[in-house]
Amino acid sequence: MAETTIPMLPCRTSLIESVVAFYVALGFEATQLQKSPYAYAVVERGSVELQLYGMKDYDPASSHSGCYVLTDEVDTLHAAFRAGLKAALGSVPTRGLPRIGPLKDMSYGVRQFLITDPTGNTIRIGQPTSEDQNHRPAPKETFARALHMADLFADSKQDLPGAAKIIDRVLGLTDEQPTPVQRLRLLVLRGDIAQRMGEAERAAGLLEEAAAVRLGPEEREAATDTLARLAELRD
């Protein structure tokens with residue numbers, strides 16, 4: 001006996017065509033699109049199928065809908081999705097709606113990224129990096145703990161103000177200092193959050209400060225994902 005789960009995601013009725021176009025840019029095929037008697041669409045990419053149904057007064061800004069897609073090629077998909085969005089939109093959207101987030105190694109044994117469509121549905125795409133998918137205990141060291149918690153607040157809870165508060169507190173410490181890699185990661189994450197919150201001037205300052213952090217060869221290798229995200233955000 002075989003079963004298949006197909007997510008059904010809400011969509012503002014007036015946006016259904018732009019939402020379908022968004023998924024087509026990611027490499028999905030639109031296998032169904034209707035406007036009457038009600039708005040409804042189906043998009044498919046390989047074994048992944050998403051169904052979208054229209055709601056006249058649906059508010060994308062307050063959406064909490066989404067699903068999780070597991071893959072064994074998360075880096076490849078991230079690169080392909082970014083390329084597709086750049087080709088379709090002229091640039092890679094990193095804030096607002098739609099947007100694509102950075103690749104991150106999460107504390108629960110998954111390497112993942114988030115992508116949010118024009119109607120606010122967030123698709124989490126991840127590749128397991130460990131058999132243990134439970135949350136790891138938060139580190140005790142001040143800055144490692146702050147990064148751990150801020151990542152969870154920003155990407156798992158999507159509580160941007162909460163994540164910003166955590167980072168601002170540790171960056172303001174005078175009796176302890178982060179390592180250069182920790183400082184870079186804190187500044188880039190905080191700049192990313194500021195962009196997503198619409199604080200363009202604040203984001204630019206944080207990212208400029210991050211770009212000025214000096215790293216040795218081994219530190220740069222350890223911060224590969226963060227440096228890539230810094231380049232994306234400053235592009």
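Note: hydrogens, waters and symmetry copies are ignored here, and every other heavy atom, side chains too, is used.
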Could you tell me whether the side chain of Ile193 reaches within less than 4.5 Å of the side chain of Ile167, counting heavy atoms only? yes
So do the side chains of Leu186 and Phe143 get within less than 4.5 Å of each other, counting heavy atoms only? yes
Once side-chain contact (heavy atoms from CB on, under 4.5 Å) is applied, do any residues pair with Gln177, and if so which ones, sequence neighbours excluded? none
Please find the pair of heavy atoms, one from Gln182 and one from Ala144, that lie closest to each other, and give the distance. NE2-N, 3.6 Å
Closest approach of Val188 and Ala210, non-hydrogen atoms and distance? CG2-CB, 3.8 Å
Hey, could you give me each pair passing side chain to side chain donor-acceptor pair (under 3.5 Å) that has a residue in residues 18-35? Not counting sequence neighbours. Glu17-Lys35, Tyr23-Asp117, Thr31-Glu44
Using a 4.5 Å cut-off on heavy atoms from C-beta on, say whether the side chain of Asp225 contacts that of Lys104. no
What heavy-atom pair brings Pro93 and Pro98 nearest, and what distance separates the two atoms? CB-O, 3.2 Å
Check ring pair (Phe, Tyr, Trp, His ring centres under 6.0 Å) between Tyr58 and all other residues, then give those that pass, not counting sequence neighbours. none
Please report the shortest heavy-atom distance between Gly126 and Val110, naming the atom on each side. CA-CG1, 3.8 Å
Side-chain donor-acceptor pairs of residues 66-74 under 3.5 Å, sequence neighbours excluded:
residue	atom	partner	partner atom	Å
Tyr68	OH	Gln112	OE1	2.8
Thr71	OG1	Glu73	N	3.0

The side-chain contact (heavy atoms from CB on, under 4.5 Å) partners of Arg99 (sequence neighbours excluded) come to Leu97, Thr116, Gln158, Arg196
So do the side chains of Phe22 and Thr119 get within less than 4.5 Å of each other, counting heavy atoms only? no
Answer yes or no: is there an ion pair linking Arg124 with Asp155, defined by an N-O contact shorter than 4.0 Å? no
Hey, can you pull the donor-acceptor pairs under 3.5 Å for the side chains in residues 215-222, sequence neighbours left out?
residue	atom	partner	partner atom	Å
Glu219	OE1	Gly216	N	2.6

